[in-house]
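Here the structure comes first, spelled out in structure tokens, and everything after it is commentary.
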Amino acid sequence: MSFVIDIVVWLLIDSIVGFFLYSTGCLILKIVTFGQFKIEFKAFTSFKESKAKKVNLVMLLGLSFYASIIVLIVYLNS
């Protein structure tokens with residue numbers, strides 16, 4: 001029974017983190033292109049249904065943003 005609960009918890013965490021990275025990537029693209037980039041900001045329910053290539057690239061942009069912030073903090077503290 002605990003195996004099933006673990007799977008459900010990790011799927012929930014995956015959905016929340018993925019949506020957070022997607023939201024960050026969308027915001028970065030909107031700021032960098034001064035609003036010229038047209039991407040449909042999806043709601044959380046439709047986010048998991050459409051894991052298209054464009055969504056994965058936006059999530060990668062969000063992930064790289066947070067990774068660069070972590071690298072910058074480590075560099076400034078050393």
* Asked: Are Val17 and Leu27 linked, directly or through other ILVMFWY residues, by side chains that come within less than 4.5 angstrom of each other?
  -> no
* Do Ser64 and Leu61 touch side chain to side chain, with heavy atoms closer than 4.5 Å? -> yes
* **Any side-chain heavy-atom pair of Tyr66 and Leu21 under 4.5 Å** => yes
* Between Phe65 and Thr24, what is the shortest heavy-atom contact and its length? -> CD2-CG2, 3.7 Å
* What distance separates Ile69 CD1 from Ile73 CD1, expressed to the nearest 0.5 Å? -> 7.0 Å
* Asked: Can you find a heavy atom in the side chain of Ile13 that is under 4.5 Å from one in the side chain of Trp10?
  -> yes
* ILVMFWY network linking Phe20 to Leu63, side-chain heavy atoms under 4.5 angstrom -> yes
* Pick out which of Leu12, Asp6, Ile5 makes a side chain to side chain contact (heavy atoms under 4.5 Å, CB included) with Val9. => Ile5
* To do: Side-chain contact test, heavy atoms from C-beta onward, threshold under 4.5 Å: evaluate it for Ser15 versus Phe19 and give yes or no.
  => no
